[in-house]
Amino acid sequence: MKMGRQSIAIAICDQQCHSKGRLDYRNLSERLLKSSLFKEVVILEKACRDRNGKLDGLKGKKVLFGGCPFLEESGLYEKTFQDLCLKKADFFTVDIKTEIFDLYEGKENIEENLYRKLVASGNILARREPFEEDIIKPDQKALVYGSGFSGLKAALRLAAESIPVDIVETHGASLSPGYLSMILAEPGMITGLLEAARKAETITLLPQKALKEVTPGEGGFIFRKAGGEKQEYGTIIFAPEREERPAGEIGALNLTQLYARIGSQEALKTGAWKGETVFILDHKTETGPEIFSDAIKAAEYLRKMHCAEVKILLRNARVSIPGLQELYDDCRQAGIIFIKYEDSLYIKNSGSGFAITGVDLQTSGQFIIKDTAGLIIPGKTILSPQAREFARSLNLRIYNDDYSQSDSLWRLPNESNRPGIFVAGAAKGNMDKRAVEEDAESLVFSLRQRLSPAGLRVEEYIPQVDKDKCALCMTCMRVCPFGAMVKDALYRVAKALKSTCRACGTCAAECPAKAIRIRNLEYESLISGMRALA
Amino acid sequence: MVLLIHCAEGGKKALSGMVRLGYRLAGDIRTFELPCSGRINETMLLEILQEDVAGIIVLGCRKDNCKFMEGNLRAESRVNRVKTLLKSAGISKKNVEMLYAAPDEGKRLYKAIHNFYEGTKAPAGC
């Protein structure tokens, strides 16, 4: 590749909010010019305010711009870039405030590091190639998998935004016990929502087996319908319902899992668990009547295991069924404490375990458990095998028992590991009625960018596969966290789906044949940048 | 000189979190940004170690919090492989290390970087 050595110009804002006077810029620019990488150095006093045409001489050259984050945030980079009629590959910015002035102390340190950083960035810029920006328009139609409370809520919310929606009915006639719970929804609510969905013009209800297989396509997901015809969706909302629990399980947690959480059965017997042992059952869960019998069974079981003090706290157990009082009494006899609401329970770390305060449902008085060794909060949903199969076919990854990675800092609340597939409802964990409504709102927010009429802008760092080198070993398909690498059947090579790729570079780093190169993030360019620092 | 390769997501934010607490880097710790720490590979690390570099720190997002799902874990396994290679070749002067940090862990991050830096300066037999 030809190195455009003499053509790089550099513009540095010497204001840097508080860097003025801390640096000898004349010395720096002389040194930069000597490095034979830069042809021109422009020092701006305040890049954010007045430029006085100083940058006009940089038109049509490769420009490296050193500035502060404000320039990026306020769109001034964008403006400069347009003013100078530059191609995107010819414009490179370095945040010298955060990366230099904030990080180092002392004039000498700053000067040396700034020089190195600029040379390193210049080296990368010199190797950058021009590229055409690509815009993909995903299909405007959305598919909602699941006709439960959250699935229907989400579909209706999307229909209100006039997005056409297909719903896959996963449920059939019977409703899961969750819908009897007062916390989740009143009885009959699902039926009402279903009726509303049937009436809506933009919503189509499909039977569960209507869609056969799915193949990822550019800008969407292509399903084969039962009849053989193809249907494309721009986005999928994965909102399956929780499975009905088989009798004898404690909430969503059966006794085998209970052992696993305690450590072992022996730990209870030998008293390796000091203090009181507290089990909180059915945390934040939609409950059915069988939770009472489950709790009694659990209490008996744990007592049998010679665990001297077992307290079971059962919360959110408000089920609208006849004979509720008797059930409560049975449980109380078994030593189960009912707690009023979720919000009234406080759990803090104490000396050797946890301290818990809460409000008893019967007496409305406060109870305090000072020290507990064990605390078990079950309540993860189990999805039906069909839903899990569907998730597998979509390449969705379970992350901390959760399809949505909701605890990650970097994601929107509904994002899954795959761009274009969003997660709602039970697949994110258990939710109450209000949370489901909020979830549907946030879903619309997350979807807005995906289905915007302007289309999706494809990033410059899309992996490109060298046809001659690729041996189709499928390493890239295996390692891609987003399922963006697919087999190009025509050319027998791997290829990246532009709408799905997030440009992390994992495939390029893993490819044994070094067949994948990521434009403007290549090995040579990175190495030359790093070498310049050394 | 120590090269600190950090990702553009958690690693970058962790560094600015560190700065916000008033910690500064030593002059010859130089930073280099990658979109994800998973972009590094063994060849890259070894090639840089051939230069006048005493050590490389790879700084990624906190575990379970990687924007690219598991880039940081991949980076760690590669760093470990390079470590093993260096050890088996009997090179103790140069070192590589994988660090994870969240934006609120400035103090811990500073200590980790500082310890590594001091470690590279300490005389070691080859």
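Hydrogens, waters and symmetry mates are skipped; everything else that's a heavy atom, side chains included, is used. Proteins get letters first, then strands, A, B, ... in listed order; numbering begins at 1 in each.
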Nearest 0.5 angstrom please: E99(A) CD to F32(B) CZ, how far? 10.0 Å

Heavy-atom closest pair, residues R531(A) and I48(B): N-CD1, 4.2 Å

Could you walk me through whether L526(A) and R39(B) satisfy the side chain to side chain contact (heavy atoms under 4.5 Å, CB included) test, starting with their C-alpha distance in whole Å, then the side-chain angles of each, then the deciding distance to 0.1 Å, before giving a yes or no? CA-CA 10 Å; L526(A) 293 178; R39(B) 178 69 187 92; 4.0 Å; yes

Do other residues, nucleotides or ligands put more than 12 heavy atoms under 6.0 Å from the NZ atom of K83(B)? yes

List the atom of Y104(A), the atom of T31(B), and the distance in Å for their closest heavy-atom pair. OH-N, 3.9 Å

Can K117(A) and E33(B) be counted as an ion pair, charged N to O under 4.0 angstrom? no

Does M69(B) reach the side chain of T506(A), with side-chain heavy atoms less than 4.5 Å apart? no

For a quick test of reading the model, state the closest non-hydrogen atom pair linking K514(A) to N41(B) and the distance between them. NZ-ND2, 4.3 Å

Show the nearest heavy-atom pair for residues M530(A) and I5(B), with the distance to one decimal. CE-CD1, 3.8 Å

Which residue out of L34(B), T43(B), I40(B) racks up the most heavy-atom pairs below 4.5 Å with chain A? T43(B)

Closest heavy-atom pair and its distance - L521(A), P35(B): CD2-CG, 3.4 Å

Smallest separation among heavy atoms of A534(A) and V53(B), with atom names: CB-CG2, 3.7 Å

